[in-house]
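Every chain is numbered from 1 and lettered A, B, ... according to where its sequence line falls, protein lines coming before strand lines.
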Amino acid sequence: MPDSAALAQFLLTGLTTGCAYALVALAIVLMFNVSGVVNLAQGEYGALGGLLLASLSAMHLPLALSLALVIAAGLLLGAAQERLTIRPIRSAPQFVLITVTLGVAVAIRGAAFLIWGKDPLNVPGFSGDDVFFLWGALLPIQTIWIWGGTAVLLALVFVGLGFTRIGRAIRACSLNSRAARLMGINPQRMTVLVFAAGGAMSTLGGALIAPLTLASWDSGLTIGLKGLIAAIFGSFRSPGLAVAAGLAIGALESCIAGLGSSEAKDVVLYLILLAALLVMGGVFARGRDRLHVGTSI
Amino acid sequence: MNAARDLPAALLILAVLVYPALFHSGFALGAALMVAGLAIGAVGLVLLLGLAHQLAIGQAAFYMIGGYGSAILTTQYGWDGTSAMLVSALCASAVAYVIGGPILRLRGFVLAIASLALQLLFIALAILLVGITGGASGIPTVPHFSLGPWVVASDLSYYFIAWFLVLAALAIGINIDRSRVGRALRALAADEAGAAASGINTTSYKVLIFVISAAMASIGGSLIVHFLRVIDPTVFGLQFSLDIITAVIIGGMQSVWGGVLGAIVIVALREALRLLEQPAWEVVIMGVLTVVVLIGFRAGVVGAIEALFGAWSRKSESAPGNHELGPAPAALRAPTERRGALLQVEGASRSFGALRAVERVSFAVASGEIVALIGPNGAGKTTLLDTISGHRAFDKGGAVFGGVDITRTMPDAIARAGIARTFQAIRSFDNMSVLENVMCGCHIFSRASFASVSLGLPGAAEDERRLRAVAMRELDFVGLRDVADLRPDQISFGHQRMMELARAMALEPELLLLDEPASGLNDSETEVLAELLLRIRARGVTILLVEHDIRLVMGLADKVVVLDHGEKIAEGTADCVRQDPQVLSAYLGMAA
């Protein structure tokens, strides 16, 4: 049995990577609720954030400016994805909309490979590479940045959704976009807004954890996968549950790696995730209303 | 023989035969072998993605099963290549079955995520199980492929074997596409509720096609590994999975040919970029092409070729333009002797949150009657119909049909038991012709086994002729023979309603549930409908209809059941109900 310091080490380390999954999951849930599209490319934004920061810090730009550029890139790319690949085929069947996001993921991966090459890049910690102790766990200073940054982002999103006019409009669109339109809300504008915000959240999340994980062109699919599974745990409805599930997946991953051999880590992790999907499949499939016979009574 | 249908196959066979004579370098043969390996899995994915609209990202997981299965069985157990390939494909099918069962009940993208997780699991396992898989360095000593004792040592012989397998996969794919299975897959892709109402078990068809696509992918994996002669965890990595999907989309996912053409495009692109010394561009070009095809031209390369040559379309393959109406086929459903109530609804209740849509409603429908379910908007009529047809679950109470409790029966099983239905908002399958839509309705009378369908045996063709005859009989019955070859979105709204009715009648139901069949029809169309309903009853079919058009109801119905706010407020003959003070109050707001 590991001692409490070791356990704290695993959990706290896991919560750190979990932050990136949580931000991706949150973006996926918000986008799905407003636009009905499951964005399979969302993980690529995380990978891109890390890679961008690697290049910017190699150019010795001030950190604040680099982060601002990373956020701007996420905003622009998210908006571009919506305008260029979602809006033109708004009326296409659901599965085409989802498949297009996979195409976008491949394009972003390919562009990342073309620009940054196949070797993972090193990103320096925001405040150097010092470490600190918490409950007996030894953590890099960057952890503070990650937790703080994630907390600020989550607070912004939840306060924004709960208490601002735009937040209300977004919630209205996710409940019933036709009714929202009748109330004078433009769902298309909300969709592009959510894609832009989601893009920025994910690139920033990727940039925050890059100093600990290295930045690599092909990390997007696995980040995206964990974000998507977290979103499923929140039934694609609850942003709060999705964030919690993202953090939990990070913690689970790190505990498995710490308690077992590191080679077994992926096997156990993906076994658990797959089993969870199968169980959820069995549980959710009981009812027959999944066939959705229209809404009229 | 049909020239338009057989020409592409003849051209492909010719190309396969001529290619090695034109390009005999090892490099050219190698590229063709990689195309073959990719194409087999891509054909399987067309069936899954293009026909059934189920997105699986991690198809390379099944290539891994084939690749590692063949490598392990041939190197460590001394099996011959053919047996190893077949056993691996069986394993892949089994895995797909176990995973697919629970996952494919869920809608849409969950399969995408689960299949990706499956592939990552397999990659991790391949690295972990060093004793079996050789770990990260893999198995470097895979022998040549062998057919029993014959070792296929020359690349040229192996090339022909590989392309023979591609042609076989293509033939199976085409047979499936043109059969009741292909129709069932397209039906569930277009509208799951509509497919279930025709007696199609949507989950089991999705699982079936997932299993087939897994077996094809596994065979592709075995093929590639015997060509490369090594396997390690990077051979069938995430990029390979993306290769297959992009191949299918760029090639054109609506046709099985798209899998083969897409594989050619992907490998040609890779080799061209390598010659230009710009290999890093490959992935980004694939991604952009995928997006462009999906947005601008969903039929892909196949569609482009069709547009150029016109003749190579699925429509010309499947439906001969002239539908002679032969002698009317005999009824396919065995007749049953009924006494008393055909349908008995007891205490049916259903709420949505706090809204009680249907509350303790009981009534009976006698065999041969026309019963109308009427009531103001929001009275719960459609919900009641949905619970009877199995599309929604009862909260309390239930229904008995012909003496059998159908309270918890799934909609497709209820359809097979003899209850057909139409929907308030038409649920047509827009990816098929009107005739094929109606053929989906008699899907349940198909007797050809899946094996005979996929191998194109004579029994399957006979089956198709039979179903086509029944479907034409029903189209003739509703007066739509002339539009049989059009698509539902090309005919008028009134005709679409008639088509849905023909589809329901093709099930040869004992009980027909109609949800506002007259809504959206003009006066003359409504008259035609009324006359049609009488003819349906004359065929011995009992009808339960929800309707707003009071005139239609009063003229037709033997019995009227009135709902208001989810509760039954009156039941009786039309005249009787018309006098009922509660009914008047519900409809006209008069004080009771």
Output, in order, the C-alpha distance, side-chain angles, deciding distance and verdict of side chain to side chain contact (heavy atoms under 4.5 Å, CB included) for L242(B) and L221(A). CA-CA 11 Å; L242(B) 298 177; L221(A) 267 185; 4.2 Å; yes
Residue among [options] with most heavy-atom pairs under 4.5 Å to chain B:
{"options": "I108(A), T85(A), L84(A)", "result": "T85(A)"}
{"options": "T222(A), D266(A), L269(A), V38(A)", "result": "V38(A)"}
{"options": "T101(A), V96(A), V104(A)", "result": "V96(A)"}

Nearest-0.5 Å distance, [atom1] of residue [X] to [atom2] of residue [Y]:
{"X": "I232(A)", "Y": "I113(B)", "atom1": "CD1", "atom2": "CD1", "result": "3.5 Å"}
{"X": "L55(B)", "Y": "I98(A)", "atom1": "CG", "atom2": "CD1", "result": "7.5 Å"}
{"X": "R87(A)", "Y": "I295(B)", "atom1": "CZ", "atom2": "CD1", "result": "12.5 Å"}
{"X": "H53(B)", "Y": "T99(A)", "atom1": "NE2", "atom2": "OG1", "result": "8.5 Å"}

Contacting region of [X] [heavy-atom separation from chain A under 4.5 Å]:
{"X": "I285(B)", "value": "neither"}
{"X": "A117(B)", "value": "both"}
{"X": "L385(B)", "value": "neither"}

Interface residue of largest heavy-atom contact number with chain A, from [options], under 4.5 Å:
{"options": "L125(B), L384(B), T246(B), I245(B)", "result": "L125(B)"}
{"options": "R298(B), M253(B), E282(B), Q239(B)", "result": "R298(B)"}
{"options": "T290(B), L294(B), I57(B)", "result": "L294(B)"}
{"options": "L121(B), V292(B), V288(B)", "result": "L121(B)"}

Part of L102(A) within contact of chain B (heavy atom distance under 4.5 Å):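 Contact with chain B involves the side chain of L102(A) alone.
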Side-chain heavy atoms of V284(B) within contact of F113(A), under 4.5 Å: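 They are not in contact (no side-chain heavy atoms under 4.5 Å apart), so the answer is no.
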Are side-chain heavy atoms of L49(B) and F95(A) found at a separation under 4.5 Å?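 Yes. Closest side-chain heavy atoms under 4.5 Å.
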Would I103(B) and L277(A) count as a side chain to side chain contact (heavy atoms under 4.5 Å, CB included) if you check the C-alpha gap in whole Å, the side-chain angles of each, and the deciding distance to 0.1 Å? CA-CA 7 Å; I103(B) 291 291; L277(A) 283 175; 4.0 Å; yes
Flag yes if more than 12 heavy atoms outside Y97(B) fall under 6.0 Å of its OH atom; otherwise flag no. no
